[in-house]
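Heads up: the structure comes next, in structure tokens.
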Number of protein chains: 2
Amino acid sequence: MTTEQEFLDSYDPSAYPALAVTVDVVALTIRDGDLHVLLVTRGAPPFAGHRALPGGFVRDEPLAAAAVRELAEETGLHPGEGELARLHLEQLASYGDPERDPRMRVVSVAYLAFAPSLPDPRAGSDAAAAAWVPVDSAGALAFDHAAILAAGLERARAKLEYTPLATAFLGDRFTIGELRAVYTAVWGEELHAGNFHRKVLSVPGFVESTGETTARGGERGGPRARLYRAGDAKLLHPALLRPSREEGVR
Amino acid sequence: MTTEQEFLDSYDPSAYPALAVTVDVVALTIRDGDLHVLLVTRGAPPFAGHRALPGGFVRDEPLAAAAVRELAEETGLHPGEGELARLHLEQLASYGDPERDPRMRVVSVAYLAFAPSLPDPRAGSDAAAAAWVPVDSAGALAFDHAAILAAGLERARAKLEYTPLATAFLGDRFTIGELRAVYTAVWGEELHAGNFHRKVLSVPGFVESTGETTARGGERGGPRARLYRAGDAKLLHPALLRPSREEGVR
DNA sequence: TGAATAGTGTCTATAAGACATTATCGT
DNA sequence: ACGATAATGTCTTATAGACACTATTCA
């Protein structure tokens, strides 16, 4: 209870009940115009057969490295390889309710990842039970993972407002229309094409022109679109605010 | 390495190296117009004699409860008692670099607290070494606490933009001038009094009038000010943006 | 009386959003 | 030819910020 006692305790961790630290990852990507999250199907109790966020125990490594490692294992890709090299990863929050895991006290550090469209997890790897699932079809998840997913989605929606991270869902070159498709998928709202176009170009450092255009127009017609790459801005100023933000204000 | 192996491991935590979880609290308050943070002076190695954020090991309790408990111990106040009852507490981030504590692997969950002006920590309590320190005078801190404090300050500055949490630094009734003093203390920038006044009143749900005024004018003259209390808004719309946000955008 | 503060009014520049328009491409 | 999309133009309204101004109170 006293400060000195704490110092003593700190040298004797076995005086405390066993406690584990895990990382769980909310990995988001966009497929076919819809926002998807990477989920695994648990093969053992508790919650056997339920879907869960990919994650696992932290080893002798930084927390973010554990998140990247788990993600790489579940997708069958290697960190720094191919599309995983362009991954955006940020810490989301930590969850440590004593009852959140029925086996023992587990504190989980959740991470949020934005990925360009990735292939399906490789069959035969650790990731046999992993799949990209539309976020609207995630359903019930193991442990408190539904709450973690909800927090990740809300964070992602907010981040698109004031950061250029929407580009993290795209390749290194993209059209304004593709960028708008990211916003509509994450926010779940249609955006006015013309206003969005002008606004994106008016924010300093959001995108920069490559001088190129697409090789051909859209599948259903339309002119060739100019290609852009991500700019050097870390924050959008002014921000792109969501249309419907009156709800939830009170 | 495989998913099944993880399930087995999860039942045998002793297979993993000893690991501790702590909470550290960035507790902010405003005294004499300046932003202060609660710091303790360490009495034992490592970092003996250095200042540090208040914190300690997590017990059989939720993480937020551990943060409140540590804060109560250091200030000598009891949770839910007096000013501590009005405390705003939110999770900040977790810090788990393997080298951040020289003794052992410690993962710390940092919390951020906004408090109305609190008394000095009680002499004779656990808090004998605790004190409110102006954030500009914090200097070097033990472990990675300087980085945690910096993250807390940035979070606080950002939160004041789009939430009504500035009122968490004030009593249950306050003037617009007192609210403006919170903003100038946290942001470190002067705000135009007239524009601030009109803007605060124009944001729905930020403050609501009590119909009362202060008993007397300012110490150096001026009329009596109307008294307000916090409104029911959870988000400010439109937000109060910091004047200088061009820097750090790139 | 003078200085400081509360609160309001006015004006300008910027930004958001609704809507229209033109050009280019695929089918 | 037709429909779809890219990109730009126009107009209205809301907001931010600079500045001026009046009223009230304390020293």
Side-chain angles (χ1 to χ4, degrees), chain A residues 33 160-162 173-184 187 189-228 233 235-246 249, chain B residues 33 160-162 173-184 187 189-204 206-228 235-246 249:
Chain A
L160 258 56
E161 290 191 314
Y162 58 92
R173 288 176 354 196
F174 49 86
T175 68
I176 303 294
E178 289 166 345
L179 186 62
R180 181 165 49 87
V182 172
Y183 276 88
T184 55
W187 285 350
E189 301 185 74
E190 290 302 317
L191 297 175
H192 187 283
N195 289 342
F196 180 86
H197 192 108
R198 181 166 16 83
K199 169 114 202 188
V200 166
L201 295 183
S202 76
V203 177
F206 192 176
V207 299
E208 60 186 35
S209 176
T210 65
E212 304 169 307
T213 67
T214 53
R216 41 162 294 155
E219 300 179 6
R220 285 165 294 184
R224 300 177 185 183
R226 294 202 265 260
L227 285 167
Y228 297 85
L235 293 173
L236 301 184
H237 188 65
L240 282 87
L241 299 182
R242 277 173 277 184
S244 64
R245 250 182 349 140
E246 310 303 321
V249 166
Chain B
L160 258 57
E161 289 191 315
Y162 58 93
R173 287 176 356 198
F174 51 85
T175 69
I176 303 296
E178 289 166 345
L179 185 63
R180 181 165 50 88
V182 172
Y183 276 88
T184 56
W187 285 351
E189 300 186 73
E190 291 302 319
L191 297 175
H192 188 282
N195 288 342
F196 180 85
H197 192 107
R198 180 162 20 81
K199 170 115 200 184
V200 166
L201 296 184
S202 77
V203 176
F206 192 177
V207 298
E208 60 186 35
S209 176
T210 66
E212 304 168 309
T213 67
T214 53
R216 40 161 295 154
E219 300 178 7
R220 285 167 293 187
R224 301 177 184 181
R226 292 202 265 261
L227 284 168
Y228 297 85
L235 293 172
L236 301 185
H237 188 66
L240 281 88
L241 299 181
R242 278 175 277 184
S244 63
R245 247 177 358 131
E246 310 303 320
V249 168

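So you know, we letter chains A, B, ... as the sequences are listed, proteins then strands, and number each from 1.
The shortest non-hydrogen separation linking A/Leu191 to A/Pro243 is CD2-CG, 3.8 Å. The two residues B/Gly211 and B/Ser209 make their nearest non-hydrogen contact at N-OG, 3.0 Å. The heavy-atom pair separating A/Ala233 from A/Pro204 by the smallest distance is CB-O, 3.6 Å. The heavy-atom pair separating A/His237 from A/Val203 by the smallest distance is N-CG1, 3.7 Å.
DNA chain C lies under 4.0 Å from no heavy atom of any residue of residues 176-183 of chain A. Across residues 214-222 of chain A, A/Arg216, A/Gly217, A/Gly218, A/Glu219, A/Gly221, A/Gly222 each have a non-hydrogen atom less than 4.0 Å from an atom of DNA chain C (numbered order).
Remark: P of C/dG17 and CG of A/Leu241 are 7 Å apart, rounded to the nearest angstrom. Rounded to a whole Å, the CG atom of A/Leu191 is 11 Å from the P atom of C/dA18. As a whole-Å value, the separation of B/Leu236 CG from D/dT15 C1' is 15 Å. The CD-P distance, from A/Glu161 to C/dA15, rounds to 17 Å in whole Å. Here the C1' atom of nucleotide D/dG9 and the CZ atom of A/Phe196 are 19 Å apart, to the nearest Å. Look at CD on A/Glu212: it is 17 Å from P on D/dA6, rounded to the nearest Å.
Shown here are the salt bridge (charged side-chain N to carboxylate O under 4.0 Å, His left out) partners of A/Glu208, two or more places apart in sequence or in another chain: A/Arg229. For A/Tyr162, there are no ring-ring contact (aromatic ring centres under 6.0 Å, His included) partners two or more places apart in sequence or in a different chain. Remark: A/Arg198 engages A/Asn195 in a side chain to side chain donor-acceptor pair (under 3.5 Å) (not counting sequence neighbours).
B/Leu235 CG to B/Phe206 CZ: the interatomic distance, rounded to the nearest 0.5 Å, is 11.5 Å.
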Pairs of donor and acceptor atoms involving the side chains of residues 174-184 of chain B, under 3.5 Å and at least two apart or interchain, shall be tabulated with distances.
unit_1, atom_1, unit_2, atom_2, d
B/Thr175, OG1, B/Gly177, N, 3.4
B/Thr175, OG1, B/Glu178, N, 3.0
B/Glu178, OE1, B/Thr175, N, 2.9
B/Tyr183, OH, B/Leu160, O, 2.9
B/Thr184, OG1, B/Arg180, O, 3.4
B/Thr184, OG1, B/Ala181, O, 2.9

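A/Glu161 places a side-chain heavy atom less than 4.5 Å from the side chain of A/Trp187.
The nucleotide whose nearest atom lies closest to any side-chain atom of A/His197 is, among C/dT8, D/dT8, D/dT5, D/dT8. When distances are taken from the side chain of A/Arg226 to each of D/dT15, D/dA7, C/dT5, the shortest belongs to D/dA7.
Residue pairs meeting the salt bridge (charged side-chain N to carboxylate O under 4.0 Å, His left out) criterion with at least one member in residues 210-223 of chain A, sequence neighbours excluded: A/Arg173-A/Glu212.
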Can you name the atoms? Protein N/O to nucleotides 19-22 of chain D N/O, anything below 3.5 Å, with the distance.
unit_1, atom_1, unit_2, atom_2, d
D/dC19, N4, B/Asn195, OD1, 3.3

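Toward the 5′ end of DNA chain C lies the nearest nucleotide of A/Ser202, the other residue of the pair A/Ser202 and A/Pro223 mapping further downstream.
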